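In each ligand, atom 1 is the first atom listed, and ligand 1 is the first ligand listed. None of the values given here were measured: they were computed from a predicted structure. One-based numbering along the sequence shown.
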Amino acid sequence: MEALLERIERPAALADDQGRVLAANGAFCRRSGLDLAVLRQRSLQELCAADVAPLLQGAVATLSSDLVGSPAADGALPLSLSRLPATAAGVGDPPGPEPAWCLLELLDQRLTLADLDALVTTRYGDGAVLMHLQVLQLDLVRGRLGIAACEALIEEIAHRLEAALPADGYFCRQGGDRLLALLPGAMGIDAVRDRAGKLLASLESPTTVLEHVIEPSLNVGISRAPDDGSEFSVLLDAATRALEETHRQPFPSCCIAAPVERSVQLQELLARPLALAIEQEQLELAYQPIIELETGRVIAAEVLCRWDDAVLGRQSPADFIDVAEATAQISSLGRWVMERAFEALHRWDVAGLQLGKIGVNVSPLQVQDPTWSSDLLMALERHQLTPERIVLELTEGSILEMSNPVANQLRDLRRQGFELAMDDFGTGYSGLQRLTELPFSEVKIDRSLISAIDYDQLQQAMLGAVIRLSDATGITVVVEGVERSRQRQMLLSLGCRHGQGYQLSAPLSDLDLEALLQSQISPAA
Ligand code: C2E
Ligand code: MG
Ligand code: MG
């Protein structure tokens with residue numbers, strides 16, 4: 001047992017069930033200023049401040065060094081509790097069902113938030129649950145019965161908490177009426193609710209504190225890793241928010257942090273840097289050629305926005321376009337894309353390069369902006385282009401949610417000669433009849449519909465049907481995500497004429513597209 005105590009770096013002592021010191025490690029002796037021979041003649045009660053001595057009665061397994069030291073500045077006795085490693089608990093147990101002694105670990109410090117932070121990152125990488133507990137009667141008890149009663153109550157709850165936690169769970173007092181408990185392992189919402197219910201039931205049974213019967217009640221706010229975050233500080237924020245949520249409830253209760261949606265996290269992270277990037281024109285454009293499958297000629301290019309932030313690194317358009325839409329920046333982003341793309345197309349026209357059309361992705365939120373269509377027309381005029389050169393790409397999903405005024409505006413633009421493409425066809429829940437709701441001139445088949453086109457007969461049959469319908473209605477089909485030459489061959493044999501994808505060409509910088517277009521005019525160059 002002494003050897004075990006010496007392995008504990010912090011002050012630790014072993015006492016019998018009367019609180020008499022049986023053994024202590026060097027750190028304990030140094031801390032108490034007494035040598036072991038003297039300590040053995042003392043009881044822990046004597047070593048502690050008088051008003052907390054009763055708390056030690058029956059204490060099991062945990063104790064704070066603060067109990068031995070002086071009260072904290074605010075008058076409260078900071079009580080920190082720590083669980084000894086499960087393996088240590090049984091070592092040296094005397095015979096019999098109940099140990100005749102208790103092992104006390106005296107902490108130099110509380111189990112700090114930094115300790116919990118380290119636990120989350122080093123030990124609980126696979127997931128954890130953080131419970132932020134608030135003992136509701138503490139102020140009342142402090143006011144009526146004094147600090148000692150207050151501390152006795154919280155210590156009793158701490159003991160119950162300790163008994164209820166798994167061996168590799170940890171807890172600490174966060175201060176005042178708050179305790180934090182950390183449980184290892186990822187848990188679903190239902191499992192957490194169940195666990196919290198059982199925990200609260202075990203913490204809330206009546207207890208006697210300085211001869212007063214108190215029925216503790218607690219609120220608990222809970223967060224979960226990795227769903228609510230993987231860093232302790234983020235988990236603590238989420239659990240604290242959930243705890244605040246319990247204050248809105250009429251009864252003591254348990255709230256589990258609403259999962260922070262990834263889109264909300266992204267918004268918080270990207271909104272400001274994106275605004276800056278748009279304002280300072282730090283975005284870039286890539287152009288992905290759309291190829292005539294038969295000849296390999298570039299007939300058009302889709303304009304794709306790129307953002308490589310100096311601090312955050314390269315961001316996926318799927319993410320930052322979502323953020324731009326959610327933070328009303330999509331109009332300014334779209335305007336910038338349009339301006340730069342039209343400028344490039346005009347430049348290539350002047351250079352005699354033959355790029356028939358360019359496709360620009362359009363968010364329905366842009367179309368809702370009352371100035372969007374006039375801006376579009378003015379930009380077109382500024383760069384001496386005609387509407388037939390521009391393909392406005394709208395995703396299938398966005399069309400499903402489109403309001404009537406937006407749809408009317410798109411019809412109007414189509415009448416003026418703009419091409420209209422249904423993008424990512426096959427990702428929404430719409431059928432082919434959707435193609436008739438707006439005057440589409442083009443349908444871009446999502447890559448998921450052709451991912452196995454070279455060997456999957458169902459995909460072949462489906463694409464065949466779309467191609468037949470499109471041919472019958474005069475709608476151009478462009479297939480997205482062509483990654484293998486076998487796909488290209490099958491597409492050709494199904495009657496598909498235009499494609500886009502890594503096998504045909506990755507998205508290119510304007511200079512690289514220029515070179516490609518140049519090589520089409522003068523192949524020898
Ligand atoms: P999208 O309009 O469907 O664009 C095609 C996406 O497929 C691009 O992704 C392109 O890089 C990718 N892609 C092309 N060929 C292949 C292939 O063979 N295999 C695979 N796996 N992917 C391929 P990207 O650039 O990440 O853009 C994602 C989406 O972001 C675009 O999908 C578009 O909806 C949106 N987006 C991009 N730029 C803009 C923009 O300026 N405005 C708006 N509103 N949306 C944009
Ligand atoms: Mg597109
Ligand atoms: Mg697409």
Side-chain angles (χ1 to χ4, degrees), residues 266 270 274 277-278 281-291 293 298 300-308 314-342 344 357-369 372 376 379 390-399 401-402 406 410 419-428 440 442-454 476-488 491 498-510 512-513:
L266 276 174
L270 299 184
L274 179 62
I278 297 171
E281 302 203 38
Q282 286 162 358
L283 302 178
E284 282 167 25
L285 293 185
Y287 300 85
Q288 188 170 31
I290 293 169
I291 306 282
L293 294 174
V298 179
E302 175 174 5
V303 183
L304 296 164
C305 195
R306 296 287 177 258
W307 177 26
D308 194 356
R314 183 168 279 274
Q315 300 298 313
S316 144
D319 288 345
F320 71 79
I321 295 292
D322 271 1
V323 171
E325 287 183 336
T327 55
Q329 301 185 58
I330 192 69
S331 287
S332 46
L333 183 147
R335 215 172 278 124
W336 180 85
V337 168
M338 209 155 69
E339 187 64 32
R340 286 289 300 273
F342 291 3
K357 297 173 194 285
I358 50 167
V360 283
N361 290 288
V362 176
S363 152
L365 294 176
Q366 277 171 271
V367 188
Q368 270 170 28
D369 182 333
W372 178 71
L376 169 67
I390 312 299
V391 184
L392 303 172
E393 296 193 9
L394 290 128
T395 61
E396 186 185 8
S398 73
I399 294 158
E401 294 157 12
M402 197 169 282
V406 169
L410 291 169
E419 301 276 358
L420 216 53
M422 181 189 273
D423 199 358
D424 299 348
F425 181 81
T427 50
F440 287 106
E442 185 176 311
V443 56
K444 297 188 77 173
I445 311 288
D446 190 71
R447 67 170 189 270
S448 58
L449 283 196
I450 62 126
S451 56
I453 196 83
D454 38 351
T476 307
V477 173
V478 176
V479 174
E480 296 186 295
V482 183
E483 293 176 343
R484 297 183 296 278
S485 58
R486 280 166 174 269
Q487 283 174 304
R488 181 180 181 174
L491 290 166
H498 304 135
Q500 178 180 349
Y502 297 154
Q503 197 268 332
L504 305 166
S505 169
L508 304 173
S509 69
D510 54 351
D512 287 344
L513 179 65

Fill in: atom 6 (C) of ligand 1 within contact range, any protein heavy atom under 4.0 Å
no
Worksheet entry | Where L449 and G426 come nearest, the two heavy atoms and their spacing | CD1-CA, 3.9 Å
Worksheet item: Hey, does E480 come in under 3.5 Å of ligand 1, counting only N/O atoms on both sides?
Response: yes
Worksheet item: Is G481 in contact with ligand 1, taking contact as a heavy-atom separation below 4.0 Å?
Response: yes
Practice prompt. Could you see which bit of V482 sits under 4.0 Å from ligand 1, with heavy atoms only: side chain, backbone, both or neither?
Written response: backbone
Discussion item. Below 4.0 Å, non-hydrogen atoms only: which portion of N361 touches ligand 1? Side chain, backbone, both or neither.
Written reply: both
Item to complete: Would you mind listing which atoms of ligand 1 come within a distance below 4.0 Å of any non-hydrogen atom of P507?
Response: 11 (O)
Worksheet, complete the sentence: Looking only at heavy atoms, the pair that brings L394 and L420 closest together is CD1-CD1, 3.9 Å
Worksheet item: R306 near ligand 1, heavy-atom distance under 4.0 Å?
Response: yes
Worksheet, complete the sentence: Which atom of E480 is nearest the Mg ion (ligand 3), counting N, O or S only? It is OE2
Practice prompt. Taking all heavy atoms of D319 and all of L270, pick out the closest pair and write down the distance.
Written response: CB-CD1, 4.5 Å
Fill in: Which segment of A286 sits under 4.0 Å of ligand 1 when only heavy atoms are counted
neither
Item to complete: Could you please spell out the steps behind the side chain to side chain contact (heavy atoms under 4.5 Å, CB included) verdict for F425 and V478?
Response: CA-CA 10 Å; F425 181 81; V478 176; over 6 Å; no
Worksheet item: Are any of the N/O atoms in E483 less than 3.5 Å from those in ligand 1?
Response: yes
Worksheet item: Looking only at protein heavy atoms, which one is nearest to atom 18 (O) of ligand 1, and how far off is it?
Response: Y502 N, 2.8 Å
Worksheet item: Under 4.0 Å from ligand 1, counting heavy atoms only, is it the side chain of K444, its backbone, both or neither?
Response: neither
Item to complete: Salt-bridge test for D510 and R340: reply yes if a basic N is under 4.0 Å from a carboxylate O, no otherwise.
Response: no
Worksheet entry | Considering all heavy atoms, the nearest G499-L504 contact | C-CD1, 3.4 Å
Worksheet entry | ligand 1 versus R447: contacting region, heavy-atom distance under 4.0 Å | side chain
Discussion item. One residue to check: D424. Relative to ligand 1, which of side chain, backbone, both or neither has a non-hydrogen atom less than 4.0 Å away?
Written reply: side chain
Worksheet item: What does the angle at the Mg ion (ligand 2) come to, between atom OD1 of N361 and atom OD2 of D423, rounded to 10°?
Response: 90°
Discussion item. Pairing donors with acceptors under 3.5 angstrom, does anything connect the side chains of Q487 and Q503?
Written reply: no
Worksheet item: So is E302 in contact with ligand 1, going by heavy-atom distances below 4.0 Å?
Response: yes
Worksheet, complete the sentence: min-distance protein heavy atom vs atom 15 (N) of ligand 1 -> Q288 NE2, 3.0 Å
Worksheet item: Taking everything shown except R486 itself, do over 12 heavy atoms lie less than 6.0 Å from its CZ?
Response: no
Practice prompt. Starting from atom 8 (C) of ligand 1, find the nearest protein heavy-atom neighbour and note its residue, name and distance.
Written response: L304 CD1, 3.8 Å
Discussion item. So for ligand 1, is C305 a polar contact partner (N or O within less than 3.5 Å, distance only)?
Written reply: yes
Worksheet item: For R314, does its backbone N or O pair with a side-chain atom of D308 as donor and acceptor, under 3.5 Å?
Response: yes
Fill in: D424 backbone or side-chain N/O/S under 2.8 Å from the Mg ion (ligand 2)
no
Item to complete: Of all the heavy-atom pairs spanning Q500 and P289, show the shortest one and how long it is.
Response: CG-O, 3.9 Å
Item to complete: Provide the number and element of each atom of ligand 1 under 4.0 Å from a heavy atom of V337.
Response: 41 (O)
Practice prompt. Calculate the angle formed at the Mg ion (ligand 2) by OE2 in E302 and OE1 in E393; 10° precision is enough.
Written response: 90°
Worksheet item: Less than 4.0 Å between atom 2 (O) of ligand 1 and some protein heavy atom, yes or no?
Response: yes
Discussion item. By the definition side-chain hydrogen bond (donor to acceptor under 3.5 Å, both in side chains), identify the one residue from S398, S363, S331 that meets it with E325.
Written reply: S363
Worksheet item: So, the side chain of R484 versus the backbone of S451: is there a donor-acceptor pair under 3.5 Å, distance only?
Response: yes
Worksheet entry | Shortest non-hydrogen contact from Q366 toward I330 | CG-O, 3.7 Å
Discussion item. Just to confirm my output: which protein heavy-atom neighbour is closest to atom 40 (C) of ligand 1, and how far is it?
Written reply: I321 CD1, 3.8 Å
Fill in: Stepwise side chain to side chain contact (heavy atoms under 4.5 Å, CB included) test for V360 and L392
CA-CA 5 Å; V360 283; L392 303 172; 3.8 Å; yes
Item to complete: Measure the shortest side-chain to side-chain distance between K357 and I290 over non-hydrogen atoms and say whether it is less than 4.5 angstrom.
Response: no
Fill in: Atom indices of ligand 1, in the order listed, that fall short of 4.0 Å to a heavy atom of P317
24 (P), 25 (O), 26 (O), 27 (O), 30 (O), 37 (C)
